[in-house]
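Start at 1 with the first residue, then count along the sequence. Values reported hereafter were calculated over all heavy atoms of this structure, with side chains retained and with hydrogens, waters and symmetry mates removed.
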Amino acid sequence: MEGREPSTRPSRTTPASPRVNPALVKRPRFQTLARFWEGQDVLARWTDGLLYLGIIKKVDSAQETCLVRFEDNSQFSVLWKDIFPPAVPGKEQLCCVCNSQACTPDNKLVHCGKCKHAYHQECHVPSVPCDTDSAGSSWMCRQCVFAVATKRGGALKKGPFARSMLQMKLSLPYQLKSLEWDPLHLTNKQQCYCYCGGPGEWNMKMLQCCRCLQWFHEACTQCLSKPLLYGDRFYVYECSVCTRGPENAWRLPLGW
């Protein structure tokens, strides 16, 4: 998580909070079970792929959004799918995805060592290995790995968090084929992009995979040697899901 800078504030001229029909958004089950309340401290994912601290000012159940006030006192409507509340005391034995405590020998509850949220091994994406410590002292969930590893200019490339992120990026937390795109394949109705599944704006430091055509945030990629420029599409990019490993990015030859 990083501090908000002027170029990413909602006051910019580009749309910061696209209007989305909630009926068109196919959310994971845990999003419909999530509960938010006014005054709750949360992390909200912005269109740059980064997480920012905020306080919920209003909950709109009909639209499945929350009005969030950020640290710079800006307020914007954020979809439930992009809001991450802290673990609630007393619910440590409930999976934060399916909201159940039922377990089987092959599908136990594991706890993230950072946020303390509980996950069934099969509810987490990717699934948690069977030899993971059930106490979760060393294991970190997908959201926490991305919160630590993502940054402006490109995600971490070395170290344990970078390696964990690469493993997480081999699978997406949503069904890519279920997204409904515009004719130019620039935006989708679900506002679901990248490895993080967050909102995005294709011309605001994002790369499009040449194979699956999904858009990915600069902050979530690990292959860039230099930060992207706004609207810079002069790259050939392959995501980790398509390569089944590290990403690839080639700079197209430029000339006058």
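Side-chain N/O atoms of Gln214 and Gln208 include no donor and acceptor closer than 3.5 Å. For the residue pair Gln191 / Lys81, no side-chain donor-acceptor distance below 3.5 Å is found, with atom types taken as modelled. For the residue pair Asp72 / Ser74, a side-chain donor-acceptor distance below 3.5 Å is found, with atom types taken as modelled.
Under the salt bridge (Lys or Arg N to Asp or Glu O under 4.0 Å) criterion, Glu218 pairs with no residue, sequence neighbours left out. With sequence neighbours excluded, the residues forming a salt bridge (Lys or Arg N to Asp or Glu O under 4.0 Å) with Asp232 are Arg251, listed by chain and number. Shown here are the ring pair (Phe, Tyr, Trp, His ring centres under 6.0 Å) partners of His124, two or more places apart in sequence or in another chain: Tyr119, Trp139. Legend: residues meeting ring pair (Phe, Tyr, Trp, His ring centres under 6.0 Å) with Phe216, ordered by chain and number and at least two apart, are Tyr195, Tyr237. Under the salt bridge (Lys or Arg N to Asp or Glu O under 4.0 Å) criterion, Arg211 pairs with Glu238, not counting sequence neighbours.
Two different hydrophobic clusters hold Leu67 and Leu53 under the rule that ILVMFWY side chains link at heavy-atom gaps under 4.5 Å. Taken together through direct or relayed side-chain contacts under 4.5 Å among Ile, Leu, Val, Met, Phe, Trp and Tyr, Trp202 and Tyr235 form part of one hydrophobic cluster. Neither Leu170 nor Val145 shares a network with the other; the hydrophobic side chains, linked directly or stepwise wherever heavy atoms of I, L, V, M, F, W or Y lie under 4.5 Å apart, form separate groups for each. Cluster membership for Val42 and Val59, using ILVMFWY side-chain heavy atoms within less than 4.5 angstrom, is shared. Cluster membership check: Leu229 does not share its hydrophobic cluster with Leu224, using side-chain heavy-atom separations under 4.5 Å among Ile, Leu, Val, Met, Phe, Trp and Tyr.
Pairing each heavy atom of Cys220 with each of Cys196, the nearest pair is SG-SG, 4.1 Å. The minimum heavy-atom distance between Lys114 and Val148, with the atom names listed, is CE-CG2, 3.8 Å. The minimum heavy-atom distance between Gln121 and Val110, with the atom names listed, is CG-CG1, 4.2 Å. Residue Asn188 comes nearest to Leu179 through the heavy atom pair ND2-CD1, 3.8 Å, listed as atom of the first residue, atom of the second, then distance. When all heavy atoms of Cys112 and Cys141 are compared, the pair lying nearest together is SG-N, 3.4 Å. Counting all heavy atoms, side chain and backbone alike, Asp82 lies closest to Val78 at CB-CG1, 3.8 Å.
Looking only at side-chain heavy atoms (C-beta outward), Leu252 and Val236 come within less than 4.5 Å of each other. Inter-residue side-chain proximity for Ile83 and Leu43 is flagged as unmet; no heavy-atom pair is nearer than 4.5 Å. Considering only heavy atoms from C-beta on, Leu109 comes within 4.5 Å of Cys95 through its side chain. Using a 4.5 Å heavy-atom cutoff, the side chains of Arg142 and Ser171 are in contact. Using a 4.5 Å heavy-atom cutoff, the side chains of Thr187 and Trp215 are not in contact. The closest side-chain heavy-atom distance from Ser127 to Glu122 is below 4.5 Å. Residues Arg152 and Leu50 are in side-chain contact: their nearest non-hydrogen atoms beyond the backbone lie under 4.5 Å apart. Under the 4.5 Å side-chain criterion, counting only non-hydrogen atoms from C-beta, Ser100 is not in contact with Leu94.
Annotation: the span from Ile56 atom CD1 to Asp41 atom CG amounts to 9.0 Å, rounded to 0.5 Å. Rounding to the nearest 0.5 angstrom, the gap separating the SG atom in Cys130 from the NZ atom in Lys108 is 8.5 Å. Rounding to the nearest 0.5 angstrom, the gap separating the CG atom in Leu172 from the SG atom in Cys194 is 8.5 Å. Of the inter-residue distances, the one linking Gln190 atom CD with Leu79 atom CG reads 10.5 Å to the nearest 0.5 angstrom. Taking SG of Cys223 as the reference point, atom CG of Leu207 lies at 6.5 Å (rounded to 0.5 Å).
No donor-acceptor distance shorter than 3.5 angstrom exists from the side chain of Lys57 to the backbone of Cys66, with no hydrogens or angles considered. Asp182 places a side-chain N or O within donor-acceptor distance of the main-chain N or O of Leu186, the cut-off being under 3.5 Å. With Lys226 contributing its side chain and Gly153 its backbone, the two residues share no donor-acceptor pair below 3.5 Å. Within the 3.5 Å criterion, the main-chain N or O of Gly245 finds a donor-acceptor partner in the side chain of Ser240. Distance alone, capped at 3.5 Å, places no donor-acceptor pair between the Arg69 side chain and the Ile55 backbone. Using a distance-only test at 3.5 Å, with no hydrogens or angles considered, a donor-acceptor pair links the side chain of His217 to the main chain of Pro199. The main-chain N or O of Ala102 is found under 3.5 Å from a side-chain atom of His120 such that the two form a donor-acceptor pair. Within the 3.5 Å criterion, the main-chain N or O of Trp37 finds a donor-acceptor partner in the side chain of Gln40. Within the 3.5 Å criterion, the main-chain N or O of Gly154 finds no donor-acceptor partner in the side chain of Gln222.
The aromatic rings of Trp181 and Tyr193 stand perpendicular to each other, their planes meeting at an angle above 60°, with 30° marking the opposite boundary.
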In sequence, state the C-alpha distance, the side-chain angles, and the governing distance for Tyr230 and Asn203, and then conclude on side chain to side chain contact (heavy atoms under 4.5 Å, CB included). CA-CA 6 Å; Tyr230 289 108; Asn203 60 340; over 6 Å; no

Would you mind writing out the side-chain donor-acceptor pairs for residues 159-168 within the sub-3.5 Å range, not counting sequence neighbours?
| from | atom 1 | to | atom 2 | distance (Å) |
| --- | --- | --- | --- | --- |
| Ser164 | OG | Pro160 | O | 3.0 |

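Here the rule is ring pair (Phe, Tyr, Trp, His ring centres under 6.0 Å) with Phe76, and of Tyr52, Trp46, Phe70 only Trp46 fits it.
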